[in-house]
K.L.:
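Please find one structure pasted underneath; my questions will follow.
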Amino acid sequence: MHMPGRRFLVLLTLWSVPAVVLAQEPSPEAQNPPPAAQPAPERADPDVRIDPLQPDFTLAALPTTLRMPRGKWAFRVTHRFTRDLGEGDFGDALSNLFGLDGGSQVGLEVRYGLLPGTQIGIHRTSDRAIQLFGQHNFMNERDGGAFGFDAIATFEGDDNLSEHFQSALGVVLSKNLGRHAALYAEPLVVLNSSPFETGDEHTGMIGLGGRMRIRRSMYLLAEYTPRFAGYRPFADQISFAFEARAGGHLFQIGVSNGFGTTFGQLARGGVDYDQWYLGFNLSRKFF
């Protein structure tokens, strides 16, 4: 073969080898394919997902075992009208719009997820009582536990946390009944519940409650807090309510024989067993 022909074949070979090599090598995209779509980190946290049987952190006044996601917030308003629904006849009740025209006791609450399973918060009522609380979850059914188990502790004081200091210690136990209901039992002791210097100082009580799911986002609930030892004036507080959930909002309307929304107030009891008052709770989760 003539020299020019050989040179042409050599050049053609040198030119084609890199192209063949490049064609055989996988592209950077093939070597490192883009990761599969993953859920957003906050959505991967099971504590962020809605619990159909525990839509809120409380029943009417008692806590539940619903976990607060770490770094997230929730807000709650409690409102108890102070006009007895049984006062006067039906016309009197209607003219006062079933107590809405009368006075009320209002509570404002903020809670925060401090650590996984640990939440803290503050609750203030319009009679100037302030309750600080902390709650930690040790077991829950969403992670395969046989039941829910929380420990809770509070510190409370009247007149904007300046007098009559009280503390509460207890546990919150919950059990789901299939896909339709959740039950609660909450043994608690409230220290220095009595405002008097004589007689019993402390109160032993057990919160009992349940929430039944009647539709996808609607519930009925009942709550009863009998006191079994120590200082226990007046009636044990009882509440019944209906509630509806819409996204992160929960609206609850019900009746109760008392106005208590803190453990100290529950220890001092309701008004009477034959006096009932209209009230509502409004909750908002910021996650």
Side-chain angles (χ1 to χ4, degrees), residues 39-40 42-70 72 74-76 78 109 111 113 115-119 121 133 135-152 170-188 205-226 228 236-257 261 263 266 279-287:
E42 65 272 11
R43 292 297 161 190
D45 182 355
D47 292 343
V48 175
R49 302 171 195 161
I50 293 173
D51 187 334
L53 294 184
Q54 292 199 99
D56 199 19
F57 302 101
T58 59
L59 292 170
L62 295 171
T64 68
T65 55
L66 180 64
R67 289 167 58 102
M68 168 68 78
R70 180 180 181 181
K72 303 299 182 181
F75 179 74
R76 183 169 71 118
T78 64
E109 177 181 293
R111 65 178 65 217
L115 297 168
T118 301
Q119 53 187 295
F133 62 88
Q135 184 174 344
H136 182 75
N137 175 252
F138 291 96
M139 183 187 302
N140 69 87
E141 294 185 69
R142 298 183 83 175
D143 289 340
F147 53 88
F149 172 70
D150 281 21
I152 189 166
V171 298
V172 183
L173 305 172
S174 68
K175 178 63 180 177
N176 293 341
L177 301 182
R179 302 171 59 186
H180 303 289
L183 299 180
Y184 298 88
E186 308 180 10
L188 299 153
M205 61 187 187
I206 180 166
L208 302 172
R211 176 181 267 120
M212 182 172 66
R213 191 182 187 195
I214 57 174
R215 299 197 64 180
R216 180 180 177 86
S217 58
M218 295 182 182
Y219 305 83
L220 296 176
L221 68 84
E223 178 184 289
Y224 174 41
T225 309
F228 58 83
D236 298 327
Q237 184 162 304
I238 306 170
S239 301
F240 301 97
F242 164 82
E243 58 189 6
R245 174 178 56 81
H249 295 83
L250 187 79
F251 178 75
Q252 177 188 112
I253 185 168
V255 295
S256 178
N257 68 335
T261 52
F263 285 149
L266 290 174
F280 68 84
N281 291 346
L282 180 62
S283 303
R284 175 68 166 94
K285 302 185 186 78
F286 294 95
F287 55 88

K.L.:
Is the shortest side-chain heavy-atom distance between Glu223 and Ile238 below 4.5 Å?
P.N.:
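The answer is no, as the side chains (C-beta and beyond) never meet within the 4.5 Å cut-off.
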K.L.:
So Arg213 and Leu53, do their side chains get closer than 4.5 Å, heavy atoms only?
P.N.:
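They are in side-chain contact.
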K.L.:
Quick one: pull up CG in Leu59 and OG1 in Thr225 and give me the separation to the nearest 0.5 Å.
P.N.:
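Reported to 0.5 Å precision, the distance equals 9.5 Å.
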K.L.:
Taking all non-hydrogen atoms of both residues into account, name the closest pair between Leu62 and Gly207 and its distance.
P.N.:
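That would be CD1-CA, 3.6 Å.
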K.L.:
Flag the pair Phe251 / His249 as yes when their ring centroid distance falls below 6.0 Å, and as no otherwise.
P.N.:
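Here the rings of His249 and Phe251 have centres that are no less than 6.0 Å from each other.
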K.L.:
Any heavy-atom pair between the side chains of Pro187 and Phe228 that's under 4.5 Å?
P.N.:
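No, every pair of side-chain atoms sits at 4.5 Å or beyond.
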K.L.:
Please examine the side chains of Leu221 and Met212, heavy atoms only from C-beta on, and report whether any two atoms are closer than 4.5 Å.
P.N.:
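Result no, sub-4.5 Å side-chain heavy-atom pair not found.
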K.L.:
Between Thr78 and Phe280, is any pair of side-chain heavy atoms under 4.5 Å apart?
P.N.:
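Result no, sub-4.5 Å side-chain heavy-atom pair not found.
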K.L.:
Would you mind reporting whether Leu173 and Leu183 have side-chain heavy atoms less than 4.5 Å apart?
P.N.:
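Leu183 vs Leu173: side chains apart.
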K.L.:
For Ser174 and Glu141, which heavy atoms make the closest approach, and how far apart are they?
P.N.:
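The answer is O-OE2, 3.9 Å.
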K.L.:
How long is the gap from CD1 on Ile206 to OH on Tyr184, to the nearest 0.5 Å?
P.N.:
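Ile206 CD1 to Tyr184 OH: 15.0 Å, rounded to 0.5 Å.
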K.L.:
Of the non-hydrogen atoms in Arg76 and Ala60, which two are nearest, and what is the gap between them?
P.N.:
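Looks like NH1-O, 3.5 Å.
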K.L.:
Where do Gln237 and Ser256 come nearest, in terms of heavy atoms and distance?
P.N.:
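Looking at all heavy atoms of both residues, the closest pair is CG-OG, 3.7 Å.
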K.L.:
Walk me through whether Asp56 and Ser283 qualify under side-chain hydrogen bond (donor to acceptor under 3.5 Å, both in side chains).
P.N.:
CA-CA 8 Å; Asp56 199 19; Ser283 303; 2.8 Å; yes
K.L.:
Dump the intermediate steps for side chain to side chain contact (heavy atoms under 4.5 Å, CB included) on Asn140 and Arg67, then the final yes or no.
P.N.:
CA-CA 9 Å; Asn140 69 87; Arg67 289 167 58 102; 3.5 Å; yes
K.L.:
Assess the residue pair Ile152 and Leu188 against the criterion (side chain to side chain contact (heavy atoms under 4.5 Å, CB included)); give the C-alpha distance rounded to whole Å, side-chain angles, the decisive distance to 0.1 Å, and a yes or no.
P.N.:
CA-CA 9 Å; Ile152 189 166; Leu188 299 153; 4.0 Å; yes
K.L.:
Determine the sole option in Gln119, His136, Gln135 for which the side-chain hydrogen bond (donor to acceptor under 3.5 Å, both in side chains) test with Asp150 is passed.
P.N.:
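Answer after filtering Gln119, His136, Gln135: Gln135.
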K.L.:
Please check this pair: side chain of Asn137 against backbone of Met139, looking for a donor-acceptor N/O pair closer than 3.5 Å.
P.N.:
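Checking the backbone N and O of Met139 against the side chain of Asn137, a donor-acceptor pair under 3.5 Å is found.
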K.L.:
If you look at every heavy atom in Ala146 and Lys175, which pair is closest and at what distance?
P.N.:
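Nearest pair, atom of Ala146 first, then Lys175: O-NZ, 2.7 Å.
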K.L.:
Is the closest basic N to carboxylate O distance between Glu243 and Arg245 below 4.0 Å?
P.N.:
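The answer is no: the pair does not qualify as a salt bridge.
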K.L.:
Measure the spacing between CZ of Arg211 and CD of Gln54 and express it to the nearest 0.5 Å.
P.N.:
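The CZ atom of Arg211 sits 7.5 Å away from the CD atom of Gln54.
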K.L.:
Rounded to the nearest 0.5 Å, what separates atom CZ in Phe57 from atom OG1 in Thr65?
P.N.:
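It is 11.0 Å, given to the nearest 0.5 Å.
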K.L.:
Check for a donor-acceptor pair, side chain of Lys72 on one end and backbone N or O of Lys285 on the other, with a separation under 3.5 Å.
P.N.:
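No: the side chain of Lys72 does not pair with the backbone of Lys285.
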K.L.:
Nearest 0.5 Å please: distance from the CZ atom of Arg70 over to the CG atom of Asp47.
P.N.:
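Arg70 atom CZ to Asp47 atom CG measures 11.5 Å (nearest 0.5 Å).
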K.L.:
If I compare all heavy atoms of Ile214 with all of Phe242, which pair ends up nearest, and what's the gap?
P.N.:
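Ile214 and Phe242 have their closest heavy atoms at CD1-CE1, 4.1 Å.
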K.L.:
Distance check, rounded to the nearest 0.5 Å: Arg111 atom CZ versus Glu109 atom CD?
P.N.:
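Answer for the CZ-CD pair, Arg111 versus Glu109, is 4.5 Å.
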K.L.:
Contact between Pro52 and Arg216 at the side-chain level, heavy atoms closer than 4.5 Å - yes or no?
P.N.:
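Pro52 vs Arg216: side chains apart.
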K.L.:
Decide yes or no for Tyr219 and Gln252: does some side-chain heavy atom of the first lie under 4.5 Å from some side-chain heavy atom of the second?
P.N.:
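No, every pair of side-chain atoms sits at 4.5 Å or beyond.
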